[in-house]
Amino acid sequence: MTPTNVTHFEEIRKRVEVIMEEEDKLSQECKDLILSLPREKGWRTRYLYLFQGFWCPPTEIEAIINFQKHFQAKDSDVVVATIPKSGTTWLKALTFAIVNRHCVTPSMTHPLLTFNPHELVPFFEYNVYVNGQIPDLSNMIEPRLFGTHIPFPSLAKSIKESNSRIIFICRNPLDTFVSAWIFLNKSMPEYLPELTLEEAFDMYCNGIIAFGPTWNHMLGYWKESISRPKKVLFLKYEELKKHVNFNVKRIAEFLGCPFTQEEENNGVLEGIIKLCSFEKMKELEVNKSGTFGRHFEKKHLFRKAEIGDWVNYFSPSMAKKLSQIMEEKLSGSGLSFNVYS
């Protein structure tokens, strides 16, 4: 074995040890729970477990349990809830910039220029409650901003019962699948083989993806947005992208901090949109290196941000199959997607 191969083998071995160590650190309660749950092959973890009706990696299960037990929501809290790879980074950036626009003076360097949006709007399950930690969040500057991929039914009771606000975004499932498949293969630990498009597609169609099934995830927030429109704002990525000015103003109004006419005249709205744009964020040095959450590389967050990229990957039969599944699963809900626009 050559020195290069030895080095490569050592790197893989160390990564495996890190993953095994993380799982070994799970509480005994979580380990016992996992043993009782149905499991399937994971995308970038060895297994996904069916937990509270959705598929979840083991380390996130423990974080979610701690979150559910210990998080105490405040009425001023804002939660950015998303299906993975549906505009999460963009919506976090927009929400942070909108809420904090009066705190940033012209002489200041805007935090979004030096911090990744996921650092400014931390995930409950990847950042706040990881590794068994139960942080004291009571002294955080308000409004407190958090992010999550957790389905609505599994949010902490205090969030659902308080006047905190939730902004949810989803995306055409065909594009969401392609984006997730590419992102997770780039993030795949080297001891796991890459998922082929066909294998990943079959898993996705069966609902097996982290925080899925996708259709259940969407419907949970969709139904809540209808019954409690002041609690949950439901957005589609495609509509946000096509009508960004209108929807950014809509977000601000929902959060109780609408743009004034003076702000619009002075370019504040346009400035936020430009600051948070894909083109701007992709070129920032802070987003070109480093990791966030469970060893995800920041640079992989910014790929194309295009609508309809799925046509470059799907066969006609794949497009037909997933479209039919989504139509069936969302039937009667009033929620639908036009996959061709």
Return the minimal non-hydrogen interatomic distance between Asp175 and Gly308, and the atom names on each side. OD2-N, 2.7 Å

Does the Asn116 side chain pair with the main chain of His118, one donor and one acceptor, at a distance under 3.5 Å? yes

Under 3.5 Å side-chain donor-acceptor pair for Gln52 and Ser154: yes

Nearest heavy-atom contact between Met281 and Pro117 is SD-CG, 3.9 Å

Would you say Ser36's side chain and Leu33's backbone share a donor-acceptor pair under 3.5 angstrom? yes

Neighbour count above 12 (heavy atom, 6.0 Å) for Lys160 NZ: yes

With rounding to the nearest 0.5 angstrom, report the NE2 to CG distance, His110 to Asn100. 7.0 Å

Rounded to the nearest 0.5 Å, what separation is found between the CD1 atom of Ile169 and the CD1 atom of Ile251? 7.5 Å

Gap separating the NZ atom of Lys230 from the OG atom of Ser225, nearest 0.5 angstrom: 15.0 Å

Side chain proximity check, Phe314 to Asp309, heavy atoms < 4.5 angstrom: no

Partner set under side-chain contact (heavy atoms from CB on, under 4.5 Å) for Val244, not counting sequence neighbours: Trp90, Val248, Ile273

Hey, are the side chains of Leu233 and Ile166 touching, using non-hydrogen atoms and a 4.5 Å cut-off? no

Are the charged groups of Glu253 and Arg165 less than 4.0 angstrom apart, N to O? no

When you measure from the side chain of Glu238 to the backbone of Asn172, do you find a donor-acceptor pair of N or O atoms at a distance under 3.5 Å? yes

What residues, two or more places apart in sequence or in another chain, satisfy side-chain contact (heavy atoms from CB on, under 4.5 Å) together with Lys249? Phe259, Glu264, Leu269

Can any side-chain N or O of Asn247 pair as donor or acceptor with the backbone N or O of His243 at less than 3.5 Å? yes

Is the backbone N or O of Glu328 less than 3.5 Å from a side-chain atom of Ser331, with the two atoms forming a donor-acceptor pair by type? no

Is the shortest side-chain heavy-atom distance between Thr88 and Ile83 below 4.5 Å? no

Any Cys56 side-chain heavy atom under 4.5 Å of Leu48 side chain: no

Side-chain heavy atoms of Leu26 within contact of Pro58, under 4.5 Å: yes

Under 4.0 Å between a side-chain nitrogen and a carboxylate oxygen: does that hold for Arg101 and Glu263? yes

Please confirm whether the backbone N or O of Asn127 pairs with a side-chain atom of Gln133, one donor and one acceptor, at under 3.5 Å? yes

Looking at Glu224 and Lys231, does any basic side-chain N land under 4.0 Å from a carboxylate oxygen? no

With rounding to the nearest 0.5 angstrom, report the CG to CD1 distance, Asp136 to Ile134. 11.5 Å

Judged by atom type as modelled, is there a donor-acceptor pair below 3.5 Å linking the side chain of Asn163 to the main-chain atoms of Ser76? no

So is Lys92 actually on top of Phe123's ring, under 6.0 Å and inside 45° of the axis? yes

Is there a side-chain contact between Lys74 and Arg144, using heavy atoms and a 4.5 Å cut-off? yes

Show your working on ring-ring contact (aromatic ring centres under 6.0 Å, His included) between Phe234 and Tyr221 and close with a plain yes or no. CA-CA 7 Å; Phe234 191 98; Tyr221 286 97; 8.1 Å; no

Going by atom types only, do Asn66 and Glu62 share a side-chain donor-acceptor pair under 3.5 Å? no

With salt bridge (charged side-chain N to carboxylate O under 4.0 Å, His left out) as the rule and sequence neighbours excluded, what pairs involving residues 196-215 come up? Lys41-Glu199

Side-chain donor or acceptor of Ser333 paired with backbone N/O of Leu330 under 3.5 Å: yes

Gap separating the CE atom of Met218 from the OG1 atom of Thr176, nearest 0.5 angstrom: 5.5 Å

With Val99, which of Val121, Leu145, Leu94 fulfils side chain to side chain contact (heavy atoms under 4.5 Å, CB included)? Leu145

Ser86 side chain to Arg171 main-chain N or O, any donor-acceptor pair under 3.5 Å? no

Given the side-chain rings of Phe168 and His217, with only the six-membered ring counted for Trp, is the space between their centroids under 6.0 Å? yes

Is there a side-chain contact between Lys321 and Phe201, using heavy atoms and a 4.5 Å cut-off? yes

On a heavy-atom basis, which atom in Pro84 and which in Phe211 lie closest, and how many Å separate them? CG-CD1, 4.0 Å

Do the side chains of Leu322 and Met318 get nearer than 4.5 Å, heavy atoms only? no

For Gln28 and Asp32, what are the C-alpha separation, side-chain angles and deciding distance, and is it a side chain to side chain donor-acceptor pair (under 3.5 Å)? CA-CA 6 Å; Gln28 191 59 47; Asp32 292 342; 2.9 Å; yes

Any donor-acceptor pair under 3.5 Å linking the side-chain atoms of Glu327 with those of Ser336? no

Hey, is NZ on Lys31 packed in by over 12 heavy atoms from elsewhere, all under 6.0 Å? yes

Scanning both residues in full, the closest heavy-atom pair of Glu125 with Ala63 reads O-CB, 3.5 Å

Value rounded to 0.5 Å, distance of CD1 in Ile150 from CD1 in Ile159: 7.5 Å

Minimal heavy-atom distance between Ser179 and Lys85, with the atoms involved, is OG-CE, 3.2 Å

Could you walk me through whether Tyr313 and Phe177 pass the ring-ring contact (aromatic ring centres under 6.0 Å, His included) test, one step at a time? CA-CA 10 Å; Tyr313 298 88; Phe177 164 76; 9.1 Å; no

Tell me whether Ile141 at atom CD1 has more than 12 heavy atoms from other residues, nucleotides or ligands lying less than 6.0 Å away. no

Pairing donors with acceptors under 3.5 angstrom, does anything connect the side chains of Arg39 and Tyr47? yes

Locate the shortest heavy-atom distance separating Trp215 from Gly207; write the atom from each residue and the value. CH2-N, 3.7 Å

